[in-house]
Amino acid sequence: MTLRTAPHHWPKDVVFLKASKLHSSVSDSTKIFIQPSPGKHGANSGSQVIIRPITNPDHPAFGQFGLFAAKKIAAKTRIIDYIGEIHVDERPDSDYDLSLYRFQDGTSVGIDASKMGNEARFINDFRGVQDKPNAIFVDGRDMNGELRMSIWSSCTLKRGDEILVSYGRSWWKERR
């Protein structure tokens, strides 16, 4: 777990990470699948993003925080990796848990940023903000072969634009 200085507006009860941490629920074989080269973590700079409070009372996340473009970001650009605690246990109460991979035997690997993570944990859903998302989640491997969940721009973002994805209908269905 590599730490760097937490950005402005970072919650005091959440550990700021530069690289994901493996939870004890992750088996040795799953660790090898996720991180084929242990100890080699690709850079994950948050220099393209900034965390800001949501001040518009019409925004569904009013009073909370969002992830914004710190500079112009071209379409089809990797913005930031979603960093957190990689686990295989159930986390039904977490609003920050993403599915990273599902094995054929049904084992599901998730990445949870509820207690530790990076700026990506502040990304909001597009619903109620704009007509469509301007970014997407993309899973893949970095240059060292590590399995990652990244956020990519789906159009050009101007400095100050809120970065918005689709959480998916199932995420909203589970919260009704």
Side-chain angles (χ1 to χ4, degrees), residues 1-7 10-51 65-67 70 73 76-126 133-154 163-175:
M1 173 168 57
T2 306
L3 300 174
R4 60 182 163 115
T5 305
W10 191 259
K12 294 186 183 346
D13 61 337
V14 177
V15 176
F16 184 72
L17 299 176
K18 183 178 177 184
S20 289
K21 179 183 176 196
L22 293 172
H23 184 261
S24 61
S25 64
V26 179
S27 70
D28 288 342
S29 60
T30 301
K31 286 177 190 173
I32 292 168
F33 177 80
I34 294 167
Q35 296 176 337
S37 303
K40 292 182 177 181
H41 298 290
N44 185 52
S45 172
S47 64
Q48 297 191 94
V49 298
I50 188 168
I51 301 164
F65 293 91
L67 189 66
I73 300 172
K76 298 180 182 179
T77 298
R78 180 182 150 275
I79 300 170
I80 192 169
D81 291 335
Y82 193 89
I83 299 294
E85 184 176 45
I86 296 174
H87 64 92
V88 295
D89 58 345
E90 293 296 320
R91 309 257 172 123
D93 298 327
S94 176
D95 286 339
Y96 298 89
D97 193 22
L98 296 179
S99 177
L100 187 58
Y101 189 81
R102 185 177 307 273
F103 289 97
Q104 287 184 344
D105 69 1
T107 301
S108 183
V109 180
I111 184 162
D112 186 5
S114 61
K115 296 178 183 166
M116 58 184 69
N118 67 346
E119 298 97 331
R121 74 185 301 278
F122 290 96
I123 198 158
N124 288 316
D125 188 86
F126 78 98
N134 56 21
I136 58 172
F137 288 114
V138 177
D139 60 331
R141 295 197 178 266
D142 70 7
M143 62 186 174
N144 296 313
E146 183 176 341
L147 188 59
R148 297 277 181 120
M149 180 64 70
S150 301
I151 298 167
W152 286 71
S153 59
S154 53
I163 302 167
L164 299 163
V165 295
S166 173
Y167 288 177
R169 289 186 182 139
S170 62
W171 191 91
W172 289 107
K173 186 178 178 182
E174 290 177 15
R175 280 146 186 86

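Count residues from 1 along the sequence. Because the structure is a prediction, the values reported are computed rather than measured.
In this structure, Val49 and Ile79 approach most closely via the heavy-atom pair CG1-CG2, 3.5 Å. Closest approach of Ala70 and Ser47 over heavy atoms only: CB-O, 3.8 Å. Annotation for Ile163 and Ala135: closest pair CG2-CB, 3.7 Å, computed over non-hydrogen atoms. Residues Phe137 and Ile123 approach most closely at CZ-CG2, 4.1 Å, considering heavy atoms. Of all non-hydrogen atoms in Trp10 and Asn118, the two that sit nearest each other are CH2-O, 3.3 Å. Taking each heavy atom of Leu100 and Met149 in turn, the nearest pair found is CD1-N, 3.8 Å.
When atom types are taken as modelled, the side chain of Ser114 and the backbone of Tyr96 share no donor-acceptor pair closer than 3.5 angstrom. Formation of a donor-acceptor pair under 3.5 Å by the Asn124 side chain with backbone atoms of Phe65 is found in this model. Asp142 contributes a side-chain N or O that, together with a main-chain N or O of Asn144, makes up a donor-acceptor pair within less than 3.5 Å. Looking at Thr77, its side chain never comes within 3.5 Å of a backbone N or O of Ser153 through a donor-acceptor pair. The backbone N or O of Ala113 lies less than 3.5 Å from a partner atom in the side chain of Arg121, making a donor-acceptor pair.
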**Request:** Go through the steps to decide whether Phe16 and Glu119 satisfy the test side-chain contact (heavy atoms from CB on, under 4.5 Å), and finish with yes or no.
**Result:** CA-CA 8 Å; Phe16 184 72; Glu119 298 97 331; 3.9 Å; yes
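Residue Ile111 holds its CD1 atom at 10.5 Å from CZ of Arg91, rounded to the nearest 0.5 Å. Residue Glu85 holds its CD atom at 6.0 Å from NZ of Lys21, rounded to the nearest 0.5 Å. In this structure, CZ on Arg102 lies 9.5 Å from OG1 on Thr107, to the nearest 0.5 angstrom. Ser166 contributes atom OG, which lies 5.5 Å from atom CG of Asp125 (distance to the nearest 0.5 angstrom). The structure places OG of Ser20 at 8.0 Å from CG of Asp81, a figure rounded to the nearest 0.5 Å. Distance NZ/Lys76 to CD1/Ile136: 9.5 Å, rounded to 0.5 Å.
For the residue pair Ser154 / Asn134, no side-chain donor-acceptor distance below 3.5 Å is found, with atom types taken as modelled.
Ring geometry, Tyr101 versus Phe33: the interplanar angle falls from 30° to 60°, so the pair is classed tilted.
The shortest side-chain heavy-atom distance between Val26 and Val109 does not fall under the 4.5 Å cut-off.
Within a 6.0 Å sphere centred on NZ of Lys115, other residues, nucleotides and ligands contribute 12 heavy atoms or fewer.
Checked against His87 for a side-chain hydrogen bond (donor to acceptor under 3.5 Å, both in side chains), the options Asp97, Thr30, Asp112 give a single hit: Asp97.
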